[in-house]
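Okay, so here's the structure we're looking at.
Just so it is clear, the model here is predicted, and its values are computed rather than measured. Below, chain A is the first sequence line, B the second, and so on; all start at residue 1.
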There are 2 protein chains.
Amino acid sequence: MNKEEVIKRICETYAPLSRACQQELLDNGMMLFLEKNHILVREGQHSDKTYYIINGCARAYYLKDGKDITDWLAFENEFISSIISFFTHQPSPHYIELLEDSVLVEFSKSKIDELADKYHDFERLIRMVVTKTMLSQQEKIASMQFYSAKEKYANILAIRPDITQRVPLTFIASYLGITLETLSRIRNPRN
Amino acid sequence: MNKEEVIKRICETYAPLSRACQQELLDNGMMLFLEKNHILVREGQHSDKTYYIINGCARAYYLKDGKDITDWLAFENEFISSIISFFTHQPSPHYIELLEDSVLVEFSKSKIDELADKYHDFERLIRMVVTKTMLSQQEKIASMQFYSAKEKYANILAIRPDITQRVPLTFIASYLGITLETLSRIRNPRN
DNA sequence: CGCCGAGTTGAACTGAATCAAGAAACGTGG
DNA sequence: CCACGTTTCTTGATTCAGTTCAACTCGGCG
């Protein structure tokens, strides 16, 4: 997939853009080819970038008292960024790390704001991206409030059946808010 | 506070609007004076309204297997709506209920979408509202992943010291994802 | 071949839930 | 303004899901 196709796909997913706006966006997205384990953002950095994943996957995580807690997982055709840093210009509390060799398109906040100012249709697209993210978070909150460890695991498997092939169990566990040991027991068919 | 002042305040909080847009928004917001315990939205309804709270407070909650789980609390100068229904046009999984006699301004989704189409600056305002909501949710997720019952209670008290005077402990407990009994023990100074 | 990181299994522990009973506060009507 | 019933909150005893700590297994890779 090349950059043109990425832009086209983003328009289809979120909201259409004029030719001119598409072209400017194209000029301002940088394609990155990076290896598994590459760290896109470190704790304490000011990160004003967002990354659209063409291929591969990534996780955002916190280090809290030495413990590694996965906060977000993103796959093909999703955006990932240090949302706190990106939207509030504060230093990032997250790390963002690639879990596979990945192809990304990087966009900077300043360019996004500039384009949102210039093009009404781009402003709408950003609104749609943010709205979608908000709805995913709403789902995550509901899942944390309602479901047992077992149910949360079943939920994530239903949404993304290949996740155990792509993401180490430690990260899945901490994404679900449980320990690796608990996840391992859940997965054991005898329980 | 009258409607003009509300619009002005919203512009200050989120993003400025042209005179024309402010006027149209004004014409389309309906002021409501409602009593404590009034239910704004019921489970299963299609709710395409959002409410800006001028005075009072409200909660969104689920009924899950007969258990009442508070999902969101909102106070003066905040919006509340059944976010799933509002943004996805699905039937609401939430109830929304007033916790005090309240003054609200009601806006309908169709008008908001219409204005967002017509005015670039209004589109931006909506983007800002959604972004802010998303950031609050991010905080809530982090608080659920990191903190013990005691810490979560301390957090919410720090943000809103008068909450125990305004919101029954049952709702605070379920908002924090703990039981009423646990909250009661936490509050007991001997523990 | 042997090491190392990822995952599994076991046993003991714990924070919070559940169940149950009672106390305090609240509001409504007489 | 008080009495009574209802709702809200507290306290206690018990249980349980999930954590913690520790030892072990397995598979891949230098």
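When the shell of 6.0 Å around CD of A:Glu35 is examined, it contains 12 or fewer heavy atoms from other residues, nucleotides or ligands. Within a 6.0 Å sphere centred on CZ of A:Arg9, other residues, nucleotides and ligands contribute 12 heavy atoms or fewer.
At the heavy-atom level, A:Leu183 lies nowhere under 4.0 Å from the strands shown.
Across C:dA16, D:dC9, D:dT10, the shortest atom-to-atom separation from the side chain of B:Ser184 is found for D:dT10.
C:dG7 atom P lies 8 Å from atom CD1 of A:Ile172, rounded to whole Å. Rounded to an integer number of Å, the gap from CD of B:Gln145 to P of D:dG18 is 15 Å. Look at CD1 on A:Ile178: it is 17 Å from P on C:dA16, rounded to the nearest Å. Between A:Ile163 atom CD1 and C:dG7 atom P there is a gap of 12 Å when expressed in whole angstrom units. Here the P atom of nucleotide C:dT9 and the CG atom of A:Leu169 are 12 Å apart, to the nearest Å. Atom C1' of nucleotide C:dG15 and atom NZ of B:Lys152 are separated by 11 Å, given to the nearest angstrom. As a whole-Å value, the separation of A:Lys67 NZ from D:dC21 C1' is 14 Å. Here C:dG15 presents its P atom at 18 Å from CG of B:Leu176, a figure rounded to the nearest Å.
Residue A:Asn188 has no polar side-chain atom (N or O) positioned under 4.0 Å from OP1 or OP2 of C:dT8. Contact annotation: A:Thr179 side-chain N/O to D:dG18 OP1/OP2 distance is not under 4.0 Å. Distances shown here put a side-chain N or O of A:Thr182 below 4.0 Å from the OP1 or OP2 atom of D:dT19. At the phosphate of D:dC9, OP1 or OP2 sits under 4.0 Å from a side-chain N or O atom of B:Thr170.
The base of D:dT20 is paired with the side chain of A:Arg185 by a donor and an acceptor separated by under 3.5 Å.
Remark: A:Leu26 engages A:Lys3, A:Glu4, A:Ile7, A:Gln23 in a side-chain contact (heavy atoms from CB on, under 4.5 Å) (not counting sequence neighbours).
A salt bridge links A:Glu76 to A:Arg166: at least one charged side-chain nitrogen sits closer than 4.0 Å to a carboxylate oxygen.
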Would you list the protein and nucleotides 25-30 of chain D atom pairs, both N or O, that sit under 3.5 Å from each other?
none

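Between B:Glu181 and B:Lys36, the residue whose closest nucleotide on DNA chain C is further toward the 5' end is B:Glu181.
The aromatic rings of A:Phe79 and A:Tyr52 lie perpendicular to each other, with more than 60° between the two planes, well past the 30° mark.
Annotation: cation-pi pair B:Arg160/B:Phe75 present, NZ/CZ under 6.0 Å from the ring centroid and within 45° of its normal.
A distance below 6.0 Å separates the ring centres of A:Tyr62 and A:His94.
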